[in-house]
Protein chains: 2
Amino acid sequence: MAGQKPEQRRVAVRGAKLRALVLDAAIRRITEAGIDHVGFADIAAEAGVHESSLYRRWRTVPRLIVDALTERTAGEVPIPDTGSVRKDLELFTADLARFAQTPVGTALIRFTVVTDDDPDIAQARGQFWRQRLMAATEILERGKRRAEVAEDVDSGLVVLTLGGLVHLHITHLGTTIPDTLAERVVALLMPGLAEGPSGRTHTGARSAEDGR
Amino acid sequence: MAGQKPEQRRVAVRGAKLRALVLDAAIRRITEAGIDHVGFADIAAEAGVHESSLYRRWRTVPRLIVDALTERTAGEVPIPDTGSVRKDLELFTADLARFAQTPVGTALIRFTVVTDDDPDIAQARGQFWRQRLMAATEILERGKRRAEVAEDVDSGLVVLTLGGLVHLHITHLGTTIPDTLAERVVALLMPGLAEGPSGRTHTGARSAEDGR
DNA sequence: ATCTCATCGCAATGAACTTTGCGTTACGCC
DNA sequence: GGCGTAACGCAAAGTTCATTGCGATGAGAT
């Protein structure tokens, strides 16, 4: 009764607290509405923050989205260590595929496709994925120490190949990733890992990736 | 003198002629301005057609872009036939990488990333890429007939793996594709092609891809 | 050649997205 | 605990993007 809300000004949240609220809200909206239907207006409302704050802080929607996705998906896809290279690669690939098919994972992969809107952002994305995937080279390096993998095998190339296959499904094929994919692709690669390039020491062919 | 342009109505172009003009204009704008800076307004002006025609015919920018790119890039990346699987795969991969790094190729790959905007369009994109890449399975099939490749090797998996690696560079790594990439990844795969999965006939693991 | 209809040019309208000035206040620094 | 500053809420204004009704006309059919 007499519900005369004085329309009082909302208490301002700012700094780290605001950032956390917004990033969580962004993730929530992405999983609920889909990556293509989230805007500053949605996220601001969800976070209980004013829209203009998002404009001033992140400038554009993609920047906010990328910020949220990269920060909230840090612990995903761990690097297994079972003692077997084959097993480790299968687990890694299968887990990558699993994550890639979650709403957030799909959104992350599709939304981080490099566009030239922001030069710095574009480079940050490449950096992000290179680090993420390259972490798995540890599997190969351990394999080399156990003599399961030939010394001259390009570890970076291997993990990028596995990652590329999973990403391809998400970005361009748009279908469910078959359960057997990890097992099959690793089976395809294993002989090449044992032998090394062209079956013999092959000078030339530089390191993993010319990480520019 | 007396340059009183009566502001007469522009002669309307329509049908197939309009479509051709617009598609060419779109390709031109993409190569000149970059995929992220083309809109209906640009393309309409370039084509000498009214903007509303584009809205009515294609409804959204992505649809027009995809239409233009898919129709204007049909003959790219031929399937080589040198008599050697290794050579064929190297040529195919290298040519795919070359095309992927042209302005139109990069635009095609980046812009055909599946988004859930239109369910039918999303499926069409998957179809497009599956057909494009699967065409290269011919290389493997010929290899099987020549006994260069084991019968139980999954040809589809091989080409998707190669394609995925190239696409990954364009979509997420954002760096120049190393010249040696094709040679190196094919060298990695060759032993697995000769032996087949896990070195012995392995029932289970279904066909190429469950082309849904 | 004429008729018919879908397509197109054009402009006005409307919706969504961005920017910006100003008052307020949370937060870090003494 | 008190101060100064930068960050925030808010609303208005600006800009771009997308839709739609109407008259006109190209293109195929008769």
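Quick note: numbers below take in every heavy atom, side chains included, and nothing from hydrogens, waters or symmetry partners. Order of the sequence lines sets the chain letters (A, B, ...), proteins ahead of strands, with each chain counted from 1. Since the model is a prediction, treat every value here as computed from it, not as a measurement.
Between B:Val13 and B:Ser52, the residue anchored closer to the 5' end of DNA chain D is B:Ser52, taking for each the nucleotide with the nearest heavy atom. In this structure, B:Arg14 and B:Arg59 both approach DNA chain D, and ranking their closest nucleotides by distance from the 5' end singles out B:Arg59.
In the region residues 15-27 of chain B, proximity to DNA chain C at under 4.0 angstrom, judged on heavy atoms, holds for B:Gly15, B:Leu18.
Side-chain contact between A:Val185 and B:Asp154 is absent, with no heavy atoms from C-beta onward closer than 4.5 Å. Between A:Val158 and A:Thr137 the shortest side-chain heavy-atom distance does not fall below 4.5 Å. Counting heavy atoms from C-beta on, the side chains of B:Ile139 and B:Pro80 come closer than 4.5 Å.
Here A:Arg10 lies in heavy-atom contact (under 4.0 Å) with sugar-phosphate atoms only. Using a 4.0 Å heavy-atom cutoff across all strands shown, A:Glu51 reaches at least one base atom of the nucleic acid.
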Intermediate values then yes/no, salt bridge (charged side-chain N to carboxylate O under 4.0 Å, His left out), A:Arg98 and A:Glu76: CA-CA 10 Å; A:Arg98 176 203 58 76; A:Glu76 300 283 349; 3.4 Å; yes
Go through A:Glu71 and A:Arg19 one step at a time and tell me if the salt bridge (charged side-chain N to carboxylate O under 4.0 Å, His left out) criterion holds. CA-CA 11 Å; A:Glu71 182 151 320; A:Arg19 176 179 160 83; 2.5 Å; yes
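Of the possible polar contacts, one joining the A:Arg110 side chain to the A:Ile170 backbone as a donor-acceptor pair under 3.5 Å is found.
More than 12 heavy atoms of other residues, nucleotides or ligands shown are found within 6.0 angstrom of CZ on B:Arg146.
A:His37 has its NE2 atom 14 Å from the P atom of C:dA16, to the nearest Å. Look at CZ on B:Phe40: it is 16 Å from C1' on C:dG9, rounded to the nearest Å. Rounded to whole Å, the distance from OH on B:Tyr55 to C1' on C:dG14 is 13 Å.
First and last contacts of DNA chain D with chain B, using any nucleotide atom under 4.0 Å from a protein heavy atom and ordered 5' to 3', fall at D:dC17 to D:dG26.
Across all their heavy atoms, B:Gly163 and B:Leu96 have their closest contact at CA-CD2, 3.9 Å.
For C:dT7, its base never sits under 3.5 Å from the side chain of B:Arg56 at any donor and acceptor pair.
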Listing, residues 44-51 of chain A side-chain donor-acceptor contacts under 3.5 Å, not counting sequence neighbours, or none:
{"residue": "A:Glu46", "atom": "OE2", "partner": "A:Arg28", "partner atom": "NH1", "Å": "2.5"}
{"residue": "A:His50", "atom": "ND1", "partner": "A:Ser52", "partner atom": "N", "Å": "3.2"}
{"residue": "A:His50", "atom": "ND1", "partner": "A:Ser52", "partner atom": "OG", "Å": "3.1"}

